[in-house]
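Reviewing the structure listed below.
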Amino acid sequence: RHDRRPHDEL
Amino acid sequence: MNIFRFLGDMSHILSFVILLLKITQGKSAAGISLRTQELYMIVFCSRYLDLFWNFSSLYNSFLKVVFIACSSAIVYIIRFKSPQKDTWNPELDNFPIQYLIGPCAVAGLLINQDWTPFEMIWAFSIYLEAVAILPQLFLLQKQGEVENLTSHYVAALGAYRGLYLMNWVYRYFTEDDYLQRIVWFAGTVQTGLYIDFFYHYYQSKRGGLSRPVKLP
């Protein structure tokens with residue numbers, strides 16, 4: 001796993 | 001989307017509905033911290049800059065607009081609209097929010113996802129949201145007793161991020177490549193700040209009696 005920011009959260 | 005995140009968003013929307021009802025119908029912002037509302041407006045206006053280029057879903061974009069509009073409307077009403085503006089007490093609601101904004105801005109610069117300008121702003125908004133409730137909690141502490149609607153407002157607001165914590169746990173176990181330590185840390189701090197309030201809120205609402213929430 002590596003940090004990533006899903007852009008689907010408010 | 002999972003049930004925790006959906007309920008979290010609904011709880012967040014509920015907090016807006018309660019607050020807007022309170023200040024428009026009740027014609028008073030007594031007990032509400034304008035400072036906290038200003039912080040939320042900064043949080044949403046900075047975090048949702050990507051409204052113009054990140055299209056994830058209609059649901060997502062619609063709520064981004066709703067959150068920016070509602071938080072701005074609340075600040076406008078409490079600051080400029082009569083008679084609400086006369087019910088705001090700057091002596092009581094005087095938390096130095098610059099001591100929140102400054103460190104969050106530095107943290108956003110130093111600890112963010114991809115070192116791009118927007119990710120720095122996004123991280124800033126996440127850190128700021130975590131501490132944005134402090135002026136409100138301090139105001140309630142000063143007043144000792146919490147008005148009924150205000151207590152439901154703060155409870156809904158605390159529940160929203162608590163449900164998001166469950167959403168992140170759910171995503172961690174159901175998605176194989178999911179890791180979001182920045183927002184997990186901030187969300188934990190944010191929900192942690194409500195623990196004391198939740199305890200008193202529960203004590204006051206237990207057994208159906210709507211005794212006022214008392215903060216020591």
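So that the names make sense, note that chain A is the first sequence line, chain B the second, and so on, each numbered from 1. From a predicted model like this one, the values you see are computed outputs, not experimental measurements.
- Arg1(A) places no side-chain N or O within donor-acceptor distance of the main-chain N or O of Leu179(B), the cut-off being under 3.5 Å.
- Heavy atoms closer than 4.5 Å to chain A are found in both the backbone and the side chain of Gln180(B).
- Counting non-hydrogen atoms of other residues, nucleotides and ligands closer than 6.0 Å to OH of Tyr170(B) gives a total of 12 or fewer.
- Listed in order of number, the residues of residues 48-60 of chain B that approach chain A to under 4.5 Å between heavy atoms are Tyr48(B), Asp50(B), Asn54(B), Ser56(B), Asn60(B).
- Contact of the Arg171(B) side chain with the Glu9(A) side chain is registered, since non-hydrogen atoms from C-beta on lie closer than 4.5 Å.
- Between the side chain of Asp3(A) and the main chain of Gln113(B), no donor-acceptor pair closer than 3.5 Å is present.
- Note on Leu63(B), Asp176(B), Asp114(B): by heavy-atom pairs under 4.5 Å with chain A, the leading option is Asp176(B).
- Screening residues 7-19 of chain B for salt bridge (charged side-chain N to carboxylate O under 4.0 Å, His left out) gives no qualifying pairs among residues at least two apart or on separate chains.
- If you measure heavy-atom distances from Tyr164(B) to chain A, the contacts under 4.5 Å come from the side chain alone.
- Between His2(A) and Asp177(B), some side-chain heavy-atom pair lies under the 4.5 Å cut-off.
- Looking at Glu175(B), the atoms closer than 4.5 Å to chain A (heavy atoms on both sides) sit in the backbone and in the side chain alike.
- In this structure, CZ in Arg5(B) is found 7.0 Å from CG in Leu10(A), a value given to the nearest 0.5 Å.
- Residue Trp184(B) does not touch chain A at all, counting heavy-atom pairs closer than 4.5 Å.
- Tyr160(B) does not touch chain A: none of its heavy atoms, backbone or side chain, sits under 4.5 Å away.
- For a residue to count as touching a neighbouring chain, one of its non-hydrogen atoms must lie under 4.5 Å from one of that chain's; by this rule Arg181(B) touches chain A with backbone and side chain alike.
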